[in-house]
Amino acid sequence: MNDTAKKIVKKYSVEDDEMIFPKSVAISEQKFNQHLKVLAEMIGFTDVLSNKVGRKTFGTWTDRLGMDDNDIRMIFGHSPGSVLKKYYTERRTVESYNRILSLIQR
């Protein structure tokens with residue numbers, strides 16, 4: 001994780017809990033996507049950002065970095081033999097990832 005992500009996890013994480021973040025900081029997927037749209041506009045990023053794009057990007061990167069398929073399926077909540085590779089990998093390239101990071105870290 002980058003430094004910003006580490007700070008967020010440290011700020012909101014709850015020890016001795018099943019979840020990393022407490023339910024009190026949870027927001028709906030729709031609200032999350034609205035915030036991403038505002039962020040994209042602020043940094044001049046013209047591609048669509050959404051929770052689904054993030055899931056696909058995460059799936060691509062964990063696959064490329066060599067994480068076991070069963071571990072990736074478990075993280076996504078998919079059953080063994082699911083369509084993981086078809087839908088959650090190979091959707092984003094190194095170039096798009098670097099472009100997103102460079103815009104955010106300005």
Side-chain angles (χ1 to χ4, degrees):
M1 285 192 288
N2 65 27
D3 290 339
T4 302
K6 288 177 186 176
K7 287 177 189 175
I8 292 168
V9 169
K10 185 177 179 180
K11 180 178 179 180
Y12 292 105
S13 65
V14 177
E15 297 209 15
D16 301 327
D17 198 347
E18 286 182 29
M19 307 300 280
I20 293 175
F21 302 113
K23 290 180 183 177
S24 62
V25 298
I27 60 173
S28 69
E29 184 173 349
Q30 179 182 9
K31 194 64 153 173
F32 182 78
N33 289 337
Q34 287 173 347
H35 289 304
L36 286 175
K37 184 177 181 179
V38 170
L39 174 63
E41 289 171 0
M42 287 173 57
I43 63 173
F45 189 74
T46 56
D47 287 357
V48 174
L49 290 179
S50 70
N51 182 42
K52 189 171 278 191
V53 169
R55 283 177 60 91
K56 289 178 180 184
T57 302
F58 176 80
T60 297
W61 280 103
T62 54
D63 181 57
R64 286 181 181 176
L65 292 171
M67 183 180 278
D68 184 84
D69 287 354
N70 290 324
D71 292 338
I72 300 171
R73 283 187 190 95
M74 182 206 56
I75 290 168
F76 282 127
H78 292 187
S79 60
S82 69
V83 292
L84 178 79
K85 293 271 187 184
K86 182 176 178 183
Y87 291 104
Y88 287 103
T89 60
E90 300 307 323
R91 295 289 195 217
R92 292 284 167 182
T93 63
V94 172
E95 292 79 22
S96 353
Y97 177 74
N98 286 332
R99 192 161 49 90
I100 291 168
L101 285 179
S102 71
L103 289 168
I104 290 172
Q105 294 175 345
R106 275 194 228 168

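Here the structure is a predicted model, which is why all the values come from computation and not from measurement.
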A.B. asks: For Val9, which residues count as a side-chain contact (heavy atoms from CB on, under 4.5 Å) partner, sequence neighbours excluded?
C.D. replies: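 Expected list: Met1, Ser13, Ile20, Phe21.
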A.B. asks: Using only atom types and a distance under 3.5 Å, with no angle test, would you say the side chain of Asn33 pairs donor to acceptor with the backbone of Asn51?
C.D. replies: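 It does hold such a pair.
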A.B. asks: Roughly how far, to the nearest 0.5 Å, is OG1 of Thr60 from CG of Leu65?
C.D. replies: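 Those atoms lie 10.5 Å apart.
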A.B. asks: Would you give the length of the straight line joining atom CD of Gln30 to atom NE2 of His35, rounded to the nearest 0.5 angstrom?
C.D. replies: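 Answer rounded to 0.5 Å: 10.5 Å.
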A.B. asks: Could you grab the distance from atom CD of Glu41 to atom CG of Leu49, nearest 0.5 Å is fine?
C.D. replies: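 One finds 10.5 Å between CD of Glu41 and CG of Leu49.
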